[in-house]
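This report concerns only the one structure given below.
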Amino acid sequence: MTGPLNVNEVIDGRYQIKSYIDKGGMQYVYKANDLILKRLIALKTPQNPSAEKRFNRSAIVAAKVNHPNVAKTLDYFEIDNRQYLIEELIEGGDLEKIILQKVKYVDPYLVAKIFHYLAKGVAASHHVGVIHRDLKPTNVMVLSGLHVNSIKITDFGIAKMAEEELVEAIEDGEATISKSRTVVGALPYMAPEVISTPREVSFPADIWSLGAMMFELLTGNKPFGTGLIVIHKIIEAIPPEFPSFITNKAQFSYLSKKLIELILSCLQKDAATRPTADQLVEHCGTLCYPTTERYVGTVKEIRYNSWGFISNDEPDVFFNLDSVYGENPVNGSNVWFSKFPGDPNWRAHPVVCLK
Amino acid sequence: MHSKQLVFDFHVNIMTLAPYQQNLYNWFMRKATNSAVRRVAELPIAIATDIGLVRPENQDRSAILRIQLTANRSSIVVVLCDGMGGMSDGAECACLAIATFLSSCIQNVNLPLQKRLVSAVTNANDLVFAKYNGRGGATLSAFIADSQDGILGINVGDSRIYSIENNKLSQITVDDTILGQLGQTNENIHGQNELLQYVGMGQGIDPHVIAFPKDSPLPNILLTSDGIHFLDKQTMELVIKHSPDTAIAVRRLIELAKWCGGHDNASGIIATNLSSLLIPRLNANLGDIEVWDAFGEVQLVSFQPPCLTGFKNERKMEIKAPIENKPKPTRKRTPPNQDLLHKKTIALEKKNSKKDEKNQAETKKSIPQLQIDFDAN
Ligand SMILES: Nc1ncnc2c1ncn2[C@@H]1O[C@H](COP(=O)(O)OP(=O)(O)OP(=O)(O)O)[C@@H](O)[C@H]1O
Ligand SMILES: [Mg+2]
């Protein structure tokens, strides 16, 4: 186990720790059993004084948001000088762990679905005046792993209310506390105004982050790259280029083009010209995407460089190379796919190579 | 076979660094007092560190390394690392970063300065990342004064290097924070002061090579962790101006930081008379490798000066027990067989080149009778 808590420890006479899940820069996350309501929950507790400072506030802000695409805040309390946040448990993992580390890029069908869900979650948050300010892949939870049954936004650690003044006043030497946290992970998704005029940050900053994340899912690249130079590239906000594989297959090109349009609208330098979360939800609603389950299998054979079979638990699934998004698989490649009834074999579409 | 003990439990090829790196790591990890300041032997350098008033442990590590390569060539490395508090194991990360950085500077002493510094940071970054996967790290500010190659610095993160001229401080590093990169001043809004890069982040690290002012005389140099430099710059200048010597100046800076809240670990190094660092010493033992931190010193004796043996070749080395808090240590070699508890002599097996064999033959003459031989591969 990692962090301050041990397996089987009971917190507040109610939450029994079952296992350690993970930690980010700010908090430890555990899986625990709610002994009263008899269900599993996620228990979060801060890692350090700088996290403690915001913990209570972030719980209050997060609790305002009530939506299936936002991890629900269930409880908050302090015992013996330690703060605890109880949150809906999401079994699966975050977008980084579950998707970005497993595939190079995601086909437009699933990107559209994730985009739609995320936009809904962000819209719900914006409706109650909450700006998340830290949307990035590790703060987006994915239900049931590669099946991606749903998406939930979490970690309102630095969220703020729109009307609230940004007063994070410098106390003596306190700036130094911030070193407990880095922005290495958040920088690629930061809106230009977050970098250059942080006091003016409002709802559109979340929209930018959404666009940046969707760019990465669709292309496998961060829209403005990585490293220090990113700061300047984001401030300039020259629209990023989309690699050609995204649109060069008939099966994907229509949806891809729609997504590119939406993504670019989110990545406008001028915050006022970005769509609102509600508009995004509406746009995403007009995109047609299948919500079929995803499977993982291995390519068994490819014939005439045009079609082949994927084996997984069930009978082999037929696929055509036209259904492959991005790089083509070879014999033995592990792939991620959806499948549709067919005779004699089911047909896979789309197919994406696993890393 | 003994080499097994020196290998870390992660899969990076650190064998070439292992002999110094592991020993230095252990040394930096030793238990220390909450506060220390010292002058460094006969060098015009003062080094100090303090846990502060709030933190449970000191995650800063700083040190001075001197390698005497030949009668007229020495290389001095001054380095400060600030472990990232709150991230995993800040102190361990700082120790791993500084130990790897220094051992790499020893191993690569023959590379041109810029390459030497960049590869030392790269090695440190790789190792910390291999162990902590980006979840822990350290800042690093350092410079090398090499009697043959001159002076050059390097920086990652928000620890700083200042030049001191006429009691005026000029920061010659740029903080790796959004504020630093945009050249703005203090604004404590989330995101603005957080690190954009650190040793241990893995991919994407882009260390800044720092050219030093070439004025003559060379300026004095101050290295600080943010536990000191959150102080107002003018105040720091006044403290330095009114201190009778450098050791008192760093100690006062630290005391002042504590009077102002002591929120963080604070460390500082002041080096004066840089030109003297570039002059070879006459009374030096060839192959001496000495390391000082605020608490004490350690001596690694390389029987073959690194410049002769190169990167992976035969080397004998001896680790002396740290001589705690002695301002002027005697650098006398302990004869073999004495003080065995405190001393390990390690020899790396040769590679199969003729030159190596020759080196080994030469080395055999000078090594103590008692040694632990181990296979570097
Ligand atoms: N409700 C939850 N259910 C299950 N796992 C969760 C939940 N919330 C977070 N996690 C896991 O724990 C990790 C860290 O959580 P969280 O984002 O809350 O911490 P953090 O310290 O703010 O991280 P970061 O600084 O990277 O944003 C997440 O990446 C995720 O994998
Ligand atoms: Mg998080």
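Excluded from the calculations below are hydrogen atoms, water molecules and symmetry mates; all remaining heavy atoms, backbone and side chain alike, are included. This is a predicted model, so every value here is computed, not measured. Below, chains carry the letters A, B, ... as their sequence lines are ordered, and counting in each starts from 1.
- The main-chain N or O of A/Val194 is found under 3.5 Å from a side-chain atom of B/Gln192 such that the two form a donor-acceptor pair.
- Both the backbone and the side chain of B/Leu196 come within contact range of chain A, judged by heavy atoms closer than 4.5 Å.
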Q: Would you sort out whether B/Glu194 and A/Leu187 count as a side chain to side chain contact (heavy atoms under 4.5 Å, CB included), showing the intermediate values?
A: CA-CA 10 Å; B/Glu194 279 87 351; A/Leu187 184 65; over 6 Å; no
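- Between the CD atom of B/Gln181 and the CG atom of A/Leu228 there is a distance of 5.0 Å, given to the nearest 0.5 Å.
- For B/Gln114, the CD atom sits in a loose shell: 12 or fewer heavy atoms of surrounding residues, nucleotides or ligands are nearer than 6.0 Å.
- For a residue to count as touching a neighbouring chain, one of its non-hydrogen atoms must lie under 4.5 Å from one of that chain's; by this rule A/Ile231 touches chain B with the side chain only.
- Contact check for B/Asp206 versus A/Ile229: no side-chain heavy atoms found under the 4.5 Å cut-off.
- Two residues are said to be in side-chain contact when any heavy atoms from C-beta on lie closer than 4.5 Å; A/Thr182 and B/Met84 meet this criterion.
- Surrounding NZ of A/Lys104 are at most 12 heavy atoms belonging to other residues, nucleotides or ligands under 6.0 Å away.
- Within a 6.0 Å sphere centred on NZ of A/Lys64, heavy atoms belonging to other residues, nucleotides or ligands number 12 at most.
- The candidate from B/His229, B/Met201, B/Gln203, B/Gln197 with the greatest count of non-hydrogen atom pairs under 4.5 Å with chain A is B/Gln197.
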